[in-house]
Number of protein chains: 2
Amino acid sequence: MPRRQAEIMDAAARVFAAKGFHGATTQDIADVLGIKQASLYHYFASKEIALETVCIVGASGFYERAKIIVDGADGARDKLAALIRSHHEPLADHADYIRVFLHQRQFLPSTSRRKIGRWSRGLERLFERVISAGIKDGTFRAGLDPRLATLAILGMLNGVPAWIDKEGRAIDVIASGLADLALGGLLRR
Amino acid sequence: MPRRQAEIMDAAARVFAAKGFHGATTQDIADVLGIKQASLYHYFASKEIALETVCIVGASGFYERAKIIVDGADGARDKLAALIRSHHEPLADHADYIRVFLHQRQFLPSTSRRKIGRWSRGLERLFERVISAGIKDGTFRAGLDPRLATLAILGMLNGVPAWIDKEGRAIDVIASGLADLALGGLLRR
DNA sequence: TTGTCTGCCTATAGTGTTATAGGGAACAGC
DNA sequence: GCTGTTCCCTATAACACTATAGGCAGACAA
(Lines give C-alpha, C1' and ligand atoms only; values in the text may rest on other atoms or scores of the structure.)
Protein backbone atom coordinates (compact mmCIF):
# COMPACT_ATOMS: atom_id res chain seq x y z
CA MET A 1 0.00 0.00 0.00
CA PRO A 2 1.47 3.38 -1.05
CA ARG A 3 2.51 5.60 1.83
CA ARG A 4 -0.10 8.27 1.29
CA GLN A 5 -2.88 5.72 1.03
CA ALA A 6 -1.77 4.22 4.33
CA GLU A 7 -2.15 7.66 5.91
CA ILE A 8 -5.65 7.95 4.46
CA MET A 9 -6.55 4.56 5.94
CA ASP A 10 -5.09 5.51 9.32
CA ALA A 11 -7.41 8.51 9.34
CA ALA A 12 -10.38 6.39 8.28
CA ALA A 13 -9.65 3.83 10.99
CA ARG A 14 -9.37 6.55 13.59
CA VAL A 15 -12.67 8.16 12.62
CA PHE A 16 -14.55 4.87 12.18
CA ALA A 17 -13.31 3.73 15.59
CA ALA A 18 -14.38 6.94 17.27
CA LYS A 19 -17.77 7.51 15.63
CA GLY A 20 -18.76 4.19 14.12
CA PHE A 21 -19.11 3.56 10.40
CA HIS A 22 -22.50 5.23 9.98
CA GLY A 23 -21.74 7.99 12.45
CA ALA A 24 -18.57 8.91 10.61
CA THR A 25 -18.71 11.08 7.52
CA THR A 26 -16.17 11.30 4.76
CA GLN A 27 -15.90 14.94 5.79
CA ASP A 28 -14.67 13.81 9.22
CA ILE A 29 -11.95 11.75 7.61
CA ALA A 30 -10.93 14.59 5.34
CA ASP A 31 -10.75 16.94 8.32
CA VAL A 32 -8.27 14.67 10.07
CA LEU A 33 -6.08 14.79 7.00
CA GLY A 34 -6.55 18.48 6.28
CA ILE A 35 -7.82 17.88 2.76
CA LYS A 36 -11.20 18.29 1.04
CA GLN A 37 -13.91 15.66 1.31
CA ALA A 38 -14.03 14.85 -2.39
CA SER A 39 -10.26 14.36 -2.52
CA LEU A 40 -10.63 11.13 -0.60
CA TYR A 41 -12.17 9.47 -3.62
CA HIS A 42 -8.76 9.29 -5.26
CA TYR A 43 -7.84 6.74 -2.60
CA PHE A 44 -10.99 4.67 -2.23
CA ALA A 45 -13.99 4.09 -4.44
CA SER A 46 -16.54 4.31 -1.66
CA LYS A 47 -16.83 4.70 2.09
CA GLU A 48 -17.86 1.06 2.28
CA ILE A 49 -14.66 -0.05 0.57
CA ALA A 50 -12.65 2.07 2.98
CA LEU A 51 -14.34 0.16 5.80
CA GLU A 52 -13.49 -3.12 4.15
CA THR A 53 -9.83 -2.14 3.83
CA VAL A 54 -9.65 -1.10 7.47
CA CYS A 55 -11.38 -4.28 8.64
CA ILE A 56 -9.07 -6.52 6.65
CA VAL A 57 -6.02 -4.85 8.16
CA GLY A 58 -7.60 -5.13 11.60
CA ALA A 59 -8.41 -8.81 11.24
CA SER A 60 -5.26 -9.94 9.51
CA GLY A 61 -2.54 -11.65 11.42
CA PHE A 62 -4.63 -13.00 14.28
CA TYR A 63 -5.36 -16.30 12.65
CA GLU A 64 -1.90 -16.75 11.19
CA ARG A 65 -0.12 -16.10 14.48
CA ALA A 66 -2.51 -18.38 16.32
CA LYS A 67 -2.07 -21.17 13.78
CA ILE A 68 1.69 -21.18 14.30
CA ILE A 69 1.24 -21.44 18.05
CA VAL A 70 -1.30 -24.24 17.82
CA ASP A 71 0.86 -26.20 15.38
CA GLY A 72 3.85 -25.90 17.69
CA ALA A 73 5.17 -28.47 20.13
CA ASP A 74 4.17 -26.86 23.44
CA GLY A 75 1.64 -28.31 25.84
CA ALA A 76 -1.89 -26.98 26.11
CA ARG A 77 -1.03 -24.69 28.99
CA ASP A 78 1.78 -22.90 27.18
CA LYS A 79 -0.18 -22.85 23.94
CA LEU A 80 -3.16 -21.15 25.54
CA ALA A 81 -0.95 -18.64 27.32
CA ALA A 82 0.80 -17.89 24.04
CA LEU A 83 -2.53 -17.54 22.21
CA ILE A 84 -3.70 -15.00 24.76
CA ARG A 85 -0.44 -13.09 24.67
CA SER A 86 -0.28 -13.02 20.89
CA HIS A 87 -3.82 -11.69 20.73
CA HIS A 88 -2.50 -8.45 22.20
CA GLU A 89 0.35 -7.85 19.79
CA PRO A 90 -1.47 -5.85 17.11
CA LEU A 91 -2.86 -3.52 19.77
CA ALA A 92 0.50 -1.80 19.99
CA ASP A 93 0.55 -0.32 16.51
CA HIS A 94 -2.94 -0.35 15.10
CA ALA A 95 -5.51 -0.44 17.85
CA ASP A 96 -8.01 1.59 15.84
CA TYR A 97 -8.04 -0.94 13.02
CA ILE A 98 -8.88 -3.66 15.53
CA ARG A 99 -11.60 -1.63 17.17
CA VAL A 100 -13.17 -1.07 13.78
CA PHE A 101 -12.86 -4.74 12.91
CA LEU A 102 -14.51 -5.75 16.18
CA HIS A 103 -17.52 -3.47 16.06
CA GLN A 104 -18.03 -2.18 12.55
CA ARG A 105 -17.53 -5.25 10.41
CA GLN A 106 -21.25 -5.97 10.73
CA PHE A 107 -21.79 -3.08 8.31
CA LEU A 108 -19.72 -4.59 5.52
CA PRO A 109 -21.50 -5.83 2.41
CA SER A 110 -22.28 -9.50 2.86
CA THR A 111 -19.53 -10.87 0.64
CA SER A 112 -16.62 -9.36 2.51
CA ARG A 113 -18.40 -9.73 5.84
CA ARG A 114 -18.59 -13.46 5.32
CA LYS A 115 -14.97 -13.71 4.31
CA ILE A 116 -13.85 -11.89 7.44
CA GLY A 117 -16.31 -13.89 9.52
CA ARG A 118 -14.55 -17.05 8.44
CA TRP A 119 -11.27 -15.77 9.91
CA SER A 120 -13.00 -15.18 13.21
CA ARG A 121 -14.51 -18.61 13.32
CA GLY A 122 -11.17 -20.09 12.38
CA LEU A 123 -9.57 -18.38 15.34
CA GLU A 124 -12.31 -19.62 17.65
CA ARG A 125 -11.70 -23.15 16.47
CA LEU A 126 -8.00 -22.87 17.25
CA PHE A 127 -8.72 -21.81 20.82
CA GLU A 128 -11.31 -24.56 21.14
CA ARG A 129 -8.91 -27.17 19.83
CA VAL A 130 -6.22 -26.26 22.35
CA ILE A 131 -8.70 -26.29 25.20
CA SER A 132 -10.14 -29.65 24.18
CA ALA A 133 -6.66 -31.12 23.92
CA GLY A 134 -5.80 -29.74 27.34
CA ILE A 135 -8.85 -31.34 28.88
CA LYS A 136 -8.10 -34.67 27.26
CA ASP A 137 -4.50 -34.79 28.46
CA GLY A 138 -5.39 -33.66 31.98
CA THR A 139 -3.79 -30.21 31.82
CA PHE A 140 -7.16 -28.53 32.14
CA ARG A 141 -10.02 -29.48 34.40
CA ALA A 142 -12.34 -32.23 33.32
CA GLY A 143 -15.93 -31.23 32.77
CA LEU A 144 -15.16 -27.90 31.16
CA ASP A 145 -17.22 -26.85 28.15
CA PRO A 146 -14.51 -26.01 25.56
CA ARG A 147 -16.84 -23.90 23.47
CA LEU A 148 -18.00 -21.86 26.42
CA ALA A 149 -14.43 -21.42 27.65
CA THR A 150 -13.41 -20.22 24.19
CA LEU A 151 -16.19 -17.66 24.03
CA ALA A 152 -15.40 -16.51 27.57
CA ILE A 153 -11.71 -16.01 26.85
CA LEU A 154 -12.27 -14.32 23.50
CA GLY A 155 -14.89 -12.08 25.08
CA MET A 156 -12.37 -11.07 27.70
CA LEU A 157 -9.70 -10.46 25.06
CA ASN A 158 -11.92 -8.54 22.68
CA GLY A 159 -12.98 -6.25 25.48
CA VAL A 160 -9.41 -5.04 25.97
CA PRO A 161 -9.30 -2.48 23.14
CA ALA A 162 -12.20 -0.65 24.79
CA TRP A 163 -10.30 0.22 27.96
CA ILE A 164 -6.60 -0.22 27.26
CA ASP A 165 -6.00 3.48 26.57
CA LYS A 166 -7.67 4.59 29.79
CA GLU A 167 -5.97 2.24 32.23
CA GLY A 168 -2.31 3.01 32.67
CA ARG A 169 -1.00 -0.49 32.11
CA ALA A 170 1.54 -1.66 29.57
CA ILE A 171 0.24 -4.04 26.95
CA ASP A 172 2.42 -6.95 27.96
CA VAL A 173 1.45 -6.55 31.61
CA ILE A 174 -2.17 -6.87 30.54
CA ALA A 175 -1.42 -9.78 28.25
CA SER A 176 0.37 -11.71 30.98
CA GLY A 177 -2.24 -10.85 33.56
CA LEU A 178 -5.08 -12.10 31.40
CA ALA A 179 -3.26 -15.31 30.50
CA ASP A 180 -2.69 -15.91 34.19
CA LEU A 181 -6.34 -15.23 35.04
CA ALA A 182 -7.68 -17.47 32.32
CA LEU A 183 -5.44 -20.34 33.35
CA GLY A 184 -5.57 -20.01 37.11
CA GLY A 185 -8.78 -18.17 37.94
CA LEU A 186 -9.14 -16.06 41.04
CA LEU A 187 -9.34 -18.68 43.77
CA ARG A 188 -6.31 -19.53 45.80
CA ARG A 189 -5.08 -22.98 44.92
CA MET B 1 -44.39 3.64 30.87
CA PRO B 2 -47.70 3.28 28.95
CA ARG B 3 -48.13 -0.01 27.16
CA ARG B 4 -47.97 1.38 23.63
CA GLN B 5 -44.87 3.40 24.38
CA ALA B 6 -43.17 0.28 25.67
CA GLU B 7 -43.89 -1.39 22.33
CA ILE B 8 -42.40 1.58 20.51
CA MET B 9 -39.27 1.31 22.65
CA ASP B 10 -39.03 -2.43 22.07
CA ALA B 11 -38.99 -1.72 18.35
CA ALA B 12 -36.41 1.02 18.76
CA ALA B 13 -34.19 -1.24 20.86
CA ARG B 14 -34.46 -4.01 18.29
CA VAL B 15 -33.53 -1.74 15.40
CA PHE B 16 -30.76 0.10 17.27
CA ALA B 17 -29.28 -3.24 18.34
CA ALA B 18 -29.35 -4.62 14.80
CA LYS B 19 -28.15 -1.58 12.84
CA GLY B 20 -26.52 0.71 15.37
CA PHE B 21 -27.85 4.12 16.30
CA HIS B 22 -26.60 5.96 13.22
CA GLY B 23 -27.30 3.07 10.88
CA ALA B 24 -30.90 2.86 12.04
CA THR B 25 -33.49 5.21 10.62
CA THR B 26 -36.75 6.22 12.20
CA GLN B 27 -38.31 4.66 9.11
CA ASP B 28 -36.82 1.28 10.14
CA ILE B 29 -38.45 1.58 13.55
CA ALA B 30 -41.78 2.55 12.04
CA ASP B 31 -41.60 -0.43 9.67
CA VAL B 32 -41.23 -2.84 12.59
CA LEU B 33 -44.36 -1.37 14.12
CA GLY B 34 -46.30 -1.08 10.89
CA ILE B 35 -46.91 2.65 11.30
CA LYS B 36 -45.68 5.75 9.48
CA GLN B 37 -42.32 7.32 10.25
CA ALA B 38 -43.72 10.63 11.46
CA SER B 39 -46.11 8.88 13.85
CA LEU B 40 -43.21 7.93 16.07
CA TYR B 41 -42.84 11.53 17.16
CA HIS B 42 -45.91 11.18 19.34
CA TYR B 43 -43.85 8.87 21.53
CA PHE B 44 -40.44 10.49 21.59
CA ALA B 45 -39.21 13.98 20.85
CA SER B 46 -36.15 12.89 18.90
CA LYS B 47 -34.24 9.81 17.84
CA GLU B 48 -31.56 10.74 20.33
CA ILE B 49 -34.06 10.72 23.19
CA ALA B 50 -35.31 7.32 22.07
CA LEU B 51 -31.72 6.10 22.37
CA GLU B 52 -31.47 7.58 25.82
CA THR B 53 -34.63 5.82 26.94
CA VAL B 54 -33.43 2.50 25.58
CA CYS B 55 -30.01 2.89 27.19
CA ILE B 56 -31.47 3.74 30.57
CA VAL B 57 -33.66 0.65 30.50
CA GLY B 58 -30.67 -1.40 29.39
CA ALA B 59 -28.41 -0.11 32.13
CA SER B 60 -30.87 -0.07 34.97
CA GLY B 61 -30.89 -2.82 37.52
CA PHE B 62 -27.29 -3.94 37.12
CA TYR B 63 -25.93 -1.67 39.79
CA GLU B 64 -28.84 -2.14 42.19
CA ARG B 65 -28.70 -5.93 42.05
CA ALA B 66 -24.92 -5.90 42.46
CA LYS B 67 -25.12 -3.54 45.42
CA ILE B 68 -27.44 -5.91 47.28
CA ILE B 69 -25.07 -8.80 46.69
CA VAL B 70 -21.99 -6.86 47.79
CA ASP B 71 -23.74 -5.60 50.91
CA GLY B 72 -24.75 -9.14 51.87
CA ALA B 73 -23.08 -11.46 54.35
CA ASP B 74 -21.53 -13.99 51.95
CA GLY B 75 -17.82 -14.49 51.49
CA ALA B 76 -15.94 -13.11 48.50
CA ARG B 77 -16.20 -16.35 46.58
CA ASP B 78 -19.99 -16.55 46.78
CA LYS B 79 -20.34 -12.82 46.22
CA LEU B 80 -18.34 -12.91 43.03
CA ALA B 81 -20.23 -15.94 41.76
CA ALA B 82 -23.51 -14.19 42.54
CA LEU B 83 -22.34 -11.00 40.81
CA ILE B 84 -21.53 -12.94 37.68
CA ARG B 85 -24.81 -14.82 37.75
CA SER B 86 -26.89 -11.74 38.37
CA HIS B 87 -25.22 -10.00 35.45
CA HIS B 88 -27.04 -12.43 33.16
CA GLU B 89 -30.56 -11.95 34.49
CA PRO B 90 -31.69 -9.08 32.28
CA LEU B 91 -30.57 -10.97 29.19
CA ALA B 92 -33.64 -13.15 29.44
CA ASP B 93 -36.22 -10.47 28.76
CA HIS B 94 -34.52 -7.50 27.19
CA ALA B 95 -31.30 -8.49 25.54
CA ASP B 96 -31.68 -5.83 22.85
CA TYR B 97 -31.78 -3.03 25.40
CA ILE B 98 -28.53 -4.30 26.87
CA ARG B 99 -26.85 -4.62 23.50
CA VAL B 100 -27.80 -1.02 22.74
CA PHE B 101 -26.56 0.12 26.14
CA LEU B 102 -23.25 -1.64 25.64
CA HIS B 103 -22.41 -0.37 22.17
CA GLN B 104 -24.53 2.68 21.37
CA ARG B 105 -24.37 4.70 24.57
CA GLN B 106 -21.28 6.44 23.21
CA PHE B 107 -23.63 8.31 20.86
CA LEU B 108 -25.70 9.86 23.64
CA PRO B 109 -25.42 13.59 24.26
CA SER B 110 -22.79 14.16 26.87
CA THR B 111 -25.11 14.85 29.80
CA SER B 112 -26.93 11.54 29.73
CA ARG B 113 -23.81 9.70 28.62
CA ARG B 114 -22.04 10.83 31.74
CA LYS B 115 -24.92 9.85 33.98
CA ILE B 116 -25.02 6.37 32.52
CA GLY B 117 -21.24 6.20 32.61
CA ARG B 118 -21.39 6.71 36.36
CA TRP B 119 -23.55 3.60 36.74
CA SER B 120 -20.96 1.60 34.83
CA ARG B 121 -18.12 2.81 36.93
CA GLY B 122 -20.13 2.13 40.05
CA LEU B 123 -20.60 -1.46 38.96
CA GLU B 124 -16.89 -1.80 38.25
CA ARG B 125 -16.09 -0.56 41.72
CA LEU B 126 -18.39 -3.17 43.28
CA PHE B 127 -16.59 -5.97 41.45
CA GLU B 128 -13.26 -4.49 42.38
CA ARG B 129 -14.22 -4.19 46.04
CA VAL B 130 -15.25 -7.84 46.25
CA ILE B 131 -12.07 -8.97 44.55
CA SER B 132 -9.88 -6.85 46.82
CA ALA B 133 -11.65 -8.17 49.91
CA GLY B 134 -11.19 -11.71 48.64
CA ILE B 135 -7.47 -11.21 48.18
CA LYS B 136 -7.13 -9.70 51.62
CA ASP B 137 -8.92 -12.55 53.39
CA GLY B 138 -7.06 -15.22 51.43
CA THR B 139 -10.03 -16.46 49.37
CA PHE B 140 -8.41 -15.27 46.18
CA ARG B 141 -4.80 -15.54 45.14
CA ALA B 142 -2.34 -13.02 46.44
CA GLY B 143 -0.67 -10.85 43.83
CA LEU B 144 -3.73 -10.42 41.65
CA ASP B 145 -4.42 -7.00 40.19
CA PRO B 146 -8.03 -6.32 41.28
CA ARG B 147 -8.60 -3.70 38.62
CA LEU B 148 -7.33 -5.92 35.84
CA ALA B 149 -9.37 -8.85 37.11
CA THR B 150 -12.48 -6.66 37.17
CA LEU B 151 -11.96 -5.51 33.61
CA ALA B 152 -11.28 -9.06 32.49
CA ILE B 153 -14.42 -10.43 34.08
CA LEU B 154 -16.64 -7.60 32.88
CA GLY B 155 -15.19 -7.94 29.39
CA MET B 156 -16.08 -11.61 29.44
CA LEU B 157 -19.59 -10.85 30.70
CA ASN B 158 -20.27 -8.00 28.32
CA GLY B 159 -19.30 -10.19 25.40
CA VAL B 160 -22.10 -12.61 26.15
CA PRO B 161 -24.96 -10.69 24.48
CA ALA B 162 -23.06 -10.87 21.19
CA TRP B 163 -23.18 -14.67 20.94
CA ILE B 164 -25.86 -15.89 23.32
CA ASP B 165 -28.53 -16.23 20.63
CA LYS B 166 -26.30 -18.25 18.32
CA GLU B 167 -25.00 -20.81 20.80
CA GLY B 168 -27.69 -23.18 21.97
CA ARG B 169 -27.06 -22.81 25.67
CA ALA B 170 -29.51 -21.80 28.38
CA ILE B 171 -28.75 -18.54 30.12
CA ASP B 172 -28.23 -20.07 33.54
CA VAL B 173 -25.90 -22.69 32.13
CA ILE B 174 -23.80 -19.90 30.71
CA ALA B 175 -24.00 -17.88 33.91
CA SER B 176 -22.82 -20.80 36.03
CA GLY B 177 -20.15 -21.78 33.55
CA LEU B 178 -18.66 -18.30 33.48
CA ALA B 179 -18.73 -17.97 37.28
CA ASP B 180 -16.91 -21.27 37.50
CA LEU B 181 -14.32 -20.23 34.91
CA ALA B 182 -13.65 -16.88 36.55
CA LEU B 183 -13.17 -18.45 39.95
CA GLY B 184 -11.33 -21.61 39.02
CA GLY B 185 -9.64 -20.96 35.69
CA LEU B 186 -8.88 -23.70 33.24
CA LEU B 187 -5.98 -25.49 34.91
CA ARG B 188 -6.61 -28.63 36.87
CA ARG B 189 -6.12 -28.00 40.57
C1' DT C 1 9.01 19.82 -24.79
C1' DT C 2 5.65 16.72 -24.31
C1' DG C 3 3.44 13.35 -21.67
C1' DT C 4 2.19 11.06 -17.49
C1' DC C 5 1.43 10.52 -12.69
C1' DT C 6 0.26 12.03 -8.11
C1' DG C 7 -2.32 14.75 -5.17
C1' DC C 8 -5.58 17.84 -4.58
C1' DC C 9 -9.24 21.28 -5.91
C1' DT C 10 -14.32 23.39 -7.00
C1' DA C 11 -18.95 22.62 -7.91
C1' DT C 12 -22.90 20.06 -7.73
C1' DA C 13 -26.34 16.27 -8.71
C1' DG C 14 -28.88 13.07 -6.36
C1' DT C 15 -30.54 11.05 -2.51
C1' DG C 16 -31.89 9.97 2.21
C1' DT C 17 -33.18 11.52 6.83
C1' DT C 18 -35.05 14.08 10.71
C1' DA C 19 -38.47 16.66 12.44
C1' DT C 20 -42.56 19.88 12.20
C1' DA C 21 -47.32 21.34 11.02
C1' DG C 22 -51.71 20.39 10.88
C1' DG C 23 -55.05 17.42 10.65
C1' DG C 24 -58.70 13.05 11.33
C1' DA C 25 -61.04 9.12 13.42
C1' DA C 26 -62.30 6.39 17.36
C1' DC C 27 -63.49 6.20 22.00
C1' DA C 28 -64.41 7.52 27.06
C1' DG C 29 -66.35 10.34 30.59
C1' DC C 30 -69.46 13.73 31.80
C1' DG D 1 -73.76 16.14 22.57
C1' DC D 2 -69.50 18.08 24.07
C1' DT D 3 -64.64 17.62 25.40
C1' DG D 4 -60.41 15.52 25.87
C1' DT D 5 -57.26 11.81 24.84
C1' DT D 6 -55.02 8.34 22.14
C1' DC D 7 -53.28 6.92 18.01
C1' DC D 8 -52.14 7.64 13.66
C1' DC D 9 -52.16 10.12 9.05
C1' DT D 10 -50.33 13.32 4.81
C1' DA D 11 -47.23 16.61 3.26
C1' DT D 12 -43.12 18.87 3.33
C1' DA D 13 -39.25 21.97 4.92
C1' DA D 14 -34.63 21.83 5.96
C1' DC D 15 -30.57 19.70 6.01
C1' DA D 16 -26.63 16.38 5.60
C1' DC D 17 -24.09 13.14 3.02
C1' DT D 18 -22.08 10.43 -0.84
C1' DA D 19 -20.18 10.35 -5.02
C1' DT D 20 -19.16 12.17 -9.76
C1' DA D 21 -17.26 15.40 -13.25
C1' DG D 22 -13.83 17.98 -14.67
C1' DG D 23 -9.79 20.71 -13.86
C1' DC D 24 -5.10 22.47 -12.10
C1' DA D 25 -0.26 22.38 -10.51
C1' DG D 26 4.03 20.29 -9.57
C1' DA D 27 7.40 16.42 -10.22
C1' DC D 28 9.69 13.54 -13.07
C1' DA D 29 10.96 10.89 -17.35
C1' DA D 30 11.51 10.31 -22.28
Side-chain angles (χ1 to χ4, degrees), chain A residues 1-57 96 100 103-113, chain B residues 1-57 96 100 103-113:
Chain A
M1 187 150 59
R3 213 188 84 266
R4 185 56 175 156
Q5 191 178 350
E7 291 170 7
I8 306 288
M9 287 307 151
D10 286 351
R14 187 164 139 195
V15 172
F16 288 159
K19 307 187 140 194
F21 176 65
H22 292 292
T25 69
T26 51
Q27 184 65 61
D28 293 330
I29 301 173
D31 288 347
V32 167
L33 293 158
I35 64 176
K36 297 291 169 179
Q37 178 262 342
S39 304
L40 291 172
Y41 285 79
H42 268 272
Y43 299 99
F44 50 72
S46 71
K47 192 184 158 191
E48 215 165 48
I49 288 186
L51 175 64
E52 187 178 324
T53 307
V54 171
C55 281
I56 288 175
V57 172
D96 281 333
V100 172
H103 293 101
Q104 310 303 321
R105 87 185 113 131
Q106 58 177 307
F107 303 120
L108 287 171
S110 49
T111 320
S112 46
R113 195 181 60 242
Chain B
M1 186 153 55
R3 212 188 85 265
R4 186 55 176 158
Q5 193 178 349
E7 290 171 6
I8 306 288
M9 287 308 151
D10 285 351
R14 190 165 136 195
V15 172
F16 287 159
K19 307 185 137 194
F21 175 66
H22 291 293
T25 68
T26 51
Q27 185 65 60
D28 293 330
I29 301 174
D31 287 347
V32 167
L33 293 157
I35 64 177
K36 296 291 168 180
Q37 178 261 343
S39 304
L40 291 172
Y41 284 79
H42 270 271
Y43 300 98
F44 50 72
S46 71
K47 192 185 158 190
E48 215 166 49
I49 288 186
L51 176 65
E52 186 177 324
T53 307
V54 171
C55 282
I56 288 174
V57 172
D96 280 334
V100 172
H103 293 105
Q104 310 303 320
R105 89 185 111 129
Q106 58 178 305
F107 303 120
L108 286 171
S110 50
T111 322
S112 46
R113 195 181 62 242

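Chain A is the first sequence line, chain B the second, and so forth, proteins listed ahead of strands; every chain is numbered from 1. Since we're looking at a predicted model, the values are computed, not measured.
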Q) Given the rule in the side-chain contact (heavy atoms from CB on, under 4.5 Å) test, do B:Glu52 and B:Phe44 qualify, once you have shown the distances and angles that lead to the verdict? A) CA-CA 10 Å; B:Glu52 186 177 324; B:Phe44 50 72; over 6 Å; no
Tell me the interatomic distance from [X], atom [atom1], to [N], atom [atom2], rounded to whole angstroms.
| X | N | atom1 | atom2 | value |
| --- | --- | --- | --- | --- |
| A:Arg3 | C:dG7 | CZ | C1' | 12 Å |
| B:Leu40 | C:dT18 | CG | P | 10 Å |
| B:Phe44 | C:dT20 | CZ | C1' | 14 Å |
| A:Ile35 | C:dT10 | CD1 | P | 12 Å |
| A:Gln27 | D:dA16 | CD | C1' | 11 Å |
| B:Phe21 | C:dT18 | CZ | C1' | 10 Å |
| B:Tyr41 | D:dC7 | OH | P | 18 Å |
| A:Ile49 | D:dT18 | CD1 | P | 15 Å |

Q. Of all the choices, C:dT20, C:dT18, C:dT10, which nucleotide is nearest to the side chain of B:Lys47 once you look at every atom?
A. C:dT18
Q | Any donor-acceptor N/O pair under 3.5 Å between D:dA19 base and A:Gln37 side chain | A | yes
**Q.** Distance (rounded to the nearest 0.5 Å) between A:Met9 CE and A:Asp96 CG
**A.** 14.0 Å
Q) How many angstroms lie between atom CG of B:Leu40 and atom NZ of B:Lys47, to the nearest 0.5 angstrom? A) 11.5 Å
Q: Look at the side-chain N and O atoms of B:Lys36 and state whether any lies under 4.0 Å from the OP1 or OP2 oxygen of D:dC9.
A: no
(Q) For C:dT18 and B:Thr26 - does any side-chain N or O of the residue sit under 4.0 Å from the phosphate oxygens OP1/OP2? (A) yes
Q. Does A:Ala45 or B:Gly34 map to a spot on DNA chain D nearer the 5' end, using the closest nucleotide for each?
A. B:Gly34
**Q.** Neighbour count >12 (heavy atoms, 6.0 Å) for atom CZ, B:Arg14
**A.** no
Checking all strands, does [X] fall into the base, sugar-phosphate, or nothing category for heavy-atom contacts under 4.0 angstrom?
| X | value |
| --- | --- |
| B:Thr25 | sugar-phosphate |
| B:Tyr43 | sugar-phosphate |
| A:Ala50 | nothing |
| B:Ala24 | sugar-phosphate |

Q) Should B:Thr26 and B:Tyr41 be marked as a side-chain contact (heavy atoms from CB on, under 4.5 Å) after you check the CA-CA gap, both sets of side-chain angles, and the distance that decides it? A) CA-CA 9 Å; B:Thr26 51; B:Tyr41 284 79; 3.6 Å; yes
